[in-house]
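Values reported hereafter were calculated over all heavy atoms of this structure, with side chains retained and with hydrogens, waters and symmetry mates removed. Convention: sequence-line order gives letters A, B, ...; per-chain numbering from 1.
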Protein chains: 2
Amino acid sequence: MIEEAKDTETKILDAAKEVFQHKGLTGARMQEIADKAGINKALLHYYYRTKDKLFEKVFELAFSVFIPKIRDIVLSTDKSVFEKIEFFVDNYISLLHKHPYIPGFVINELNRNPQILVGVFEKNIQFKEMNLFEKFEIQLKDEANKGIIRPIDARNLMTNVVGLCIFPIVARPIIQGIMFNNEKKEYDEFLSQRKKFVTEFIINAIKVN
Amino acid sequence: MIEEAKDTETKILDAAKEVFQHKGLTGARMQEIADKAGINKALLHYYYRTKDKLFEKVFELAFSVFIPKIRDIVLSTDKSVFEKIEFFVDNYISLLHKHPYIPGFVINELNRNPQILVGVFEKNIQFKEMNLFEKFEIQLKDEANKGIIRPIDARNLMTNVVGLCIFPIVARPIIQGIMFNNEKKEYDEFLSQRKKFVTEFIINAIKVN
DNA sequence: AGTAAATTTGACCAAATGGTTAAACCAAAT
DNA sequence: ATTTGGTTTAACCATTTGGTCAAATTTACT
């Protein structure tokens, strides 16, 4: 049998995702991953030789869920800036809703060891090849010249858009605790109206009146 | 001698801050903290009995650096909304510049175990007693009625303001890696112009033209 | 059925890790 | 000088943890 161990391999990967994304590389225990996958611990090392190799896989997958999304959206040339922003915020917050633990996981592991990115970049050149900012920058200048939006720096804008989407997810425990009396339900409502709020907020910030 | 072991105690706490804030509770090693403090490992346990107790101390300190700042600024009643925002962004980003690792640390540890907040709240009632949002909300409504700003939800606004300040610090490795070709210097420049950019961005977003 | 290869497991190991203890040290009070 | 109390250390301990290995089991092929 050469490639049909898929079942076990996926069970392991799923378990690893859950444990690593909740507890981080250093907090995760191989035993817990094995238990959650319903297998022997030695089998983990049979498929992914070391903890680091398994982690690397999980990290790359988590990373690749989020970053390409940004590229795809920014690159869709047929949309106006406003449309792109609305489209992006909608899609990105939906995505975040489905994978709420990934952003914190990625951010945290990168702070612990920024070197991980090097490996990811090497395996996935598309990330580096992102001259998409040039294109987006041109579009921003263009619409600014036409008097649709104020002149604005592309990187600052991108940072704001992504940040406004991610921050309430990543900082959920703090915000929910301090501003919402730790009421999970209220915070869920808060999050569900954010798509609209964030979109309007950003568009108001950059549009010319 | 009852209270003049200050020297050793502070050396330990400083070392603990550094290690915990960089590696998190699970990644930190008592031995490393001891080494960094230039003392024996047993001495760590003499002053702070367990790793958890030491961590708790570090976490509370980190937390208290950031949250009260928000309160102080929002509560200063003599300022207009615009002034408050400018004042806050200025001060908060300066603060973040001095302690770039704290936000990621706090966010990460709270995701790992949201229960920590309960302990912090109990010891520091001021955080809970934050009805400052009511006051700020009133001010927002007031200025909206006067036609200075658009009607806007206080919690959404607060989230955005804080998020726009914190996100570029917390997500530095990603943003710097993807948008700035990993050039530290360029990213530092980027950060240093953010105060102005963020302030204008927010004010444009909420002001009535 | 028989065999070879891949898969799975229980038992085990060495290193790391948080924590303890008894003794040494040291400054101040008697 | 001696005692007393807090401080510091070296050595040690129990447990956890990532990882290994040889044997057992299953699967695929002849």
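Ring pair B:Phe180/B:Phe190: centre-to-centre distance below 6.0 Å.
For A:Ile33 and D:dG19, the CD1 to C1' distance is 14 Å, given to the nearest whole Å. For the pair A:Ile12 CD1 and C:dT7 C1', the interatomic distance rounds to 11 Å; values are reported in whole Å. One atom, OH of A:Tyr46, and another, P of C:dA6, lie 7 Å apart when rounded to the nearest Å. Taking atom OH of B:Tyr48 as the reference point, atom P of C:dG18 lies 17 Å away to the nearest angstrom. Rounded to a whole Å, the CG atom of B:Asn40 is 14 Å from the P atom of C:dT20. Atom CG of B:Leu43 and atom C1' of C:dA24 are 14 Å apart (whole Å). Residue A:Asp7 contributes atom CG, which lies 12 Å from atom P of D:dT27 at whole-angstrom precision. If you take CG of A:Asp35 and P of C:dG10, they are 12 Å apart, rounded to a whole angstrom.
Rounded to 10°, the angle separating the first-five-pair axis and the last-five-pair axis of the helix from C:dA1-D:dT30 to C:dT30-D:dA1 equals 0°.
Judged by a 6.0 Å distance limit and a 45° cone about the ring axis, A:Lys79 is positioned over the six-membered ring of A:Phe87.
Remark: side-chain polar atoms of A:Glu56 are not paired, donor with acceptor, to backbone N or O of A:Lys53 under 3.5 angstrom. The backbone N or O of B:Glu200 lies less than 3.5 Å from a partner atom in the side chain of B:Asn204, making a donor-acceptor pair. The main-chain N or O of B:Met179 is found under 3.5 Å from a side-chain atom of A:Arg155 such that the two form a donor-acceptor pair. A:Glu86 places no side-chain N or O within donor-acceptor distance of the main-chain N or O of A:Thr199, the cut-off being under 3.5 Å.
Residues that satisfy the ring-ring contact (aromatic ring centres under 6.0 Å, His included) test with A:Phe167, not counting sequence neighbours, are absent from this structure. Residues satisfying the ring-ring contact (aromatic ring centres under 6.0 Å, His included) criterion with A:His22, sequence neighbours excluded, are A:Tyr101.
Listed nucleotides D:dT20, C:dA6, D:dT8 differ in distance to A:Ala42; the shortest reach to its side chain belongs to D:dT20.
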Query - CA sep, side-chain torsions, deciding dist, call: A:Phe66, A:Tyr92, ring-ring contact (aromatic ring centres under 6.0 Å, His included) - result: CA-CA 8 Å; A:Phe66 277 82; A:Tyr92 212 60; 5.7 Å; yes
Report, one pair per line, the protein and nucleotides 15-18 of chain D atoms (nitrogen or oxygen only) whose separation is under 3.5 Å.
unit_1 : atom_1 : unit_2  : atom_2 : d
D:dT17 : OP1    : A:Arg29 : NE     : 2.5
D:dG18 : OP1    : A:Ala28 : O      : 3.3
D:dG18 : OP1    : A:Arg29 : NH1    : 3.3
D:dG18 : OP1    : A:Lys51 : NZ     : 3.1
D:dG18 : OP2    : A:Met30 : N      : 3.2
D:dG18 : N7     : A:Lys41 : NZ     : 3.0

Find every protein N or O atom lying less than 3.5 Å from an N or O atom of nucleotides 24-26 of chain D, and list the pairs.
none

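Within the 4.5 Å cutoff, no side-chain heavy atoms of A:Val198 are placed close to those of B:Asn156.
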When the side chains of residues 109-118 of chain A are checked against the rest of the protein, which donor-acceptor pairs come out under 3.5 Å, sequence neighbours left out?
unit_1   : atom_1 : unit_2   : atom_2 : d
A:Glu109 : OE1    : A:Arg112 : NE     : 2.8
A:Glu109 : OE1    : A:Arg112 : NH2    : 2.6
A:Glu109 : OE2    : A:Leu25  : N      : 3.0
A:Asn111 : ND2    : A:Ile107 : O      : 3.4
A:Asn111 : ND2    : B:Val170 : O      : 3.2
A:Asn113 : OD1    : A:Gln115 : N      : 3.1

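One finds a side-chain N or O of A:Tyr47 lying less than 4.0 angstrom from the OP1 or OP2 phosphate oxygen of C:dT8.
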